[in-house]
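For ligands, and for the atoms within them, numbers begin at 1 and follow the listed sequence. All values below were derived from every heavy atom in this structure, side-chain atoms included, with hydrogens, water molecules and symmetry-related copies excluded.
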Amino acid sequence: MKDIVPPPPIVHNQFETVRELFTRHVMPTYGRFDIALSHGAGSYVWDVSGRRYLDLGGGIAVCALGHANQEITQALISQSQKLVHVSNLYYSEPQGRLAQQITRHLSGGKVFFCNSGAEANEGLYKLARKYGHEEGRFEIITAHNSFHGRTLAGISATGQEKIKKGFEPLVAGFQHVPFNDIEALENAISPATVAVLIEGIQGEGGITPATAGYLLALRHLCDHKKLLLMMDGVQCGHFRTGRFQSFQRILEDDPLASGFQPDAISMAKSLGGGFPMGAFWVRGPHADLLGPGSHATTFGGTPLGCAVALKVLEVIERDRLDQNARVLGEWIKSELESLARHHPGVVRSARGMGLMLGLELCDKEQAPGFDRNEKSPALQFVNKLHEKGVLTIPSGNQIVRLLPPLNLSRHQAEEGIEIIAQTAQEFDV
Ligand SMILES: *Cc1c(COP(=O)(O)O)cnc(C)c1O
């Protein structure tokens, strides 16, 4: 008798099902990885087939308390039972209290709430225009390799050609200069210049911190030329570096820096710990410049968003997650530096501070372990990490970013480092 071969089981591939939905119905604006995530807990996420990943990307520096955080869930539930949204035609306590908490970390000033990083930066552009309006000044100087968001003014402000391409004509009034180069900035100032906008640590540009000397010289120059010094803290802010804002960390050991303040700061990403929120802060003297009727957004600072953001801040401070970011970040960075020493043909350097770190890889020409016909070394490395169950964020061709939850544990960091080290080893041929 012939054996009856059972038919192969029908494997329902859930990833393909999800991808199919996207192919048909979602605009193809993102280059996505072949992973569909379904749920998370703390610093771990699971895909639709049940595979677990250690999330060292944190939703690109958003999930400050990790995934499915119980206290965030509780804050969402209890506030949503009271009031989810009110128009900004009325007062609501959570918004006032959140602004109070933010200004406490910046010794004064005032806050406007919005919904994203790009929108927070839009507020800064309008602040600058308003500030210079009577004198006909409107130009804002930003840095090469900066990133300020994808709105039309955002891509105009961003110092990366690939982001502007195809969307010209751009919004007028933005100039770009090399980062950390005070002379270049000074030379770019014209009678129309009104402000400077920089990130404390360039994120999308590949984890490049501003130097203390640059920040201090900028403050001096801006005072001298009556320019607003505006900082984009969307990615590097909210205790990721060990201090509330990255400039506070960069300048903390500098005796000349006491009293340093930018004139305005944009925030988003970690602010709501995953709830979409943005904000910008303005220093005392200019905090009332945008008066009634001059700026608004329907969803800005809703009771729900603010209750969540308040909870995120409360947990960060209660659990000293700023310290965790600093100490754990230092350890991870030293491990990444040791990879650069052990695999100089793969890893060039480690960059950044706190839990905003970058692993700089060698370029394809110098590193035989990377496939020349394949995508960038950063993508090859990130893809290999996916196979091993770790999520990270590529930046440009050479940088793999680590932007994990601020409550990442030492044990999880060790797990991540072990897999990153294995991966570096595998590319070291
Ligand atoms: C992500 C980011 C933005 C844009 O924020 P969105 O919420 O995506 O609009 C702006 N600036 C920096 C530095 C960022 O990292």
Undergrad: For ligand 1 and V234, I'd like to know whether there is a polar contact (N/O to N/O, distance under 3.5 Å).
TA: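 By distance alone, the answer is no.
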Undergrad: Does the distance from a Lys or Arg side-chain N to an Asp or Glu carboxylate O, for K311 and E314, drop under 4.0 Å?
TA: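 E314 and K311: salt-bridged.
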Undergrad: Closest by any non-hydrogen atom to atom 10 (C) of ligand 1: pick that one out of E122, H148, M277.
TA: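 When every heavy atom of E122, H148, M277 is considered, H148 comes closest to atom 10 (C) of ligand 1.
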Undergrad: Start with the C-alpha distance between H105 and F239, add both sets of side-chain angles, then the distance that settles ring pair (Phe, Tyr, Trp, His ring centres under 6.0 Å), and finish with yes or no.
TA: CA-CA 10 Å; H105 290 290; F239 298 103; 5.2 Å; yes
Undergrad: If you draw the axis of the six-membered ring of W331, does the NZ or CZ of R410 fall within 45° of it and under 6.0 Å from the ring centre?
TA: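 Checked: cation-pi criterion met.
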Undergrad: For S116, take its heavy atoms, then give the atoms of ligand 1 lying under 4.0 Å from any of them.
TA: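 Listed by number with element: 7 (O), 9 (O).
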Undergrad: Just by distance, with hydrogens left out, do D47 and Y53 show a side-chain donor and acceptor under 3.5 Å apart?
TA: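 Yes - a donor-acceptor pair under 3.5 Å links their side chains.
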Undergrad: Would R129 and F138 count as a cation-pi pair here, with the cationic atom under 6.0 angstrom from the ring centre and within 45° of the axis?
TA: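 Judged by the rule, R129 and F138 form no cation-pi pair.
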Undergrad: Which of the atoms of ligand 1 are close to N121, meaning less than 4.0 Å from one of its heavy atoms?
TA: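 What qualifies from ligand 1 is 10 (C), 11 (N).
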Undergrad: Taking only Lys NZ, Arg NE, NH1 and NH2, and the carboxylate oxygens of Asp or Glu, determine whether D322 and R326 approach each other closer than 4.0 Å.
TA: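 Here D322 does not pair with R326 in a salt bridge, since their nearest N and O are not under 4.0 Å apart.
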Undergrad: Please work out whether any backbone atom (N, CA, C, O) or any side-chain heavy atom from C-beta onward of R150 is under 4.0 Å from ligand 1, and answer side chain, backbone, both or neither.
TA: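 Neither part.
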Undergrad: Under 3.5 Å, N or O to N or O, is E204 touching ligand 1 that way?
TA: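 By distance alone, the answer is no.
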Undergrad: Considering only protein heavy atoms, which is closest to atom 11 (N) of ligand 1, and at what distance to one decimal place?
TA: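 The answer is D232 OD2, 2.7 Å.
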Undergrad: For ligand 1, which is the ligand I care about here, please tell me if K269 has any N or O atom under 3.5 Å from one of the ligand's N or O atoms.
TA: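 By distance alone, the answer is yes.
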Undergrad: Could you tell me if R19 sits above the aromatic ring of F15, with its cationic atom closer than 6.0 Å to the ring centre and no more than 45 degrees from the axis?
TA: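 Checked: cation-pi criterion not met.
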Undergrad: For atom 6 (P) of ligand 1, what's the nearest protein heavy-atom neighbour? Residue, atom name and distance, please.
TA: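 Going by distance alone, atom 6 (P) of ligand 1 is nearest to G117 N, 3.4 Å.
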Undergrad: Flag E199 as yes when one of its N or O atoms lies below 3.5 Å from any N or O atom of ligand 1, and as no otherwise.
TA: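 No, no N or O pair falls under 3.5 Å.
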Undergrad: Suppose we measure from atom 4 (C) of ligand 1 to each protein heavy atom; which comes out shortest, and what is that distance?
TA: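 For atom 4 (C) of ligand 1, the nearest protein heavy atom comes out as A118 N, 3.7 Å.
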Undergrad: Should I198 and L215 count as side-chain neighbours, where that means a heavy-atom distance under 4.5 Å?
TA: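 Contact flag for I198/L215 side chains = yes.
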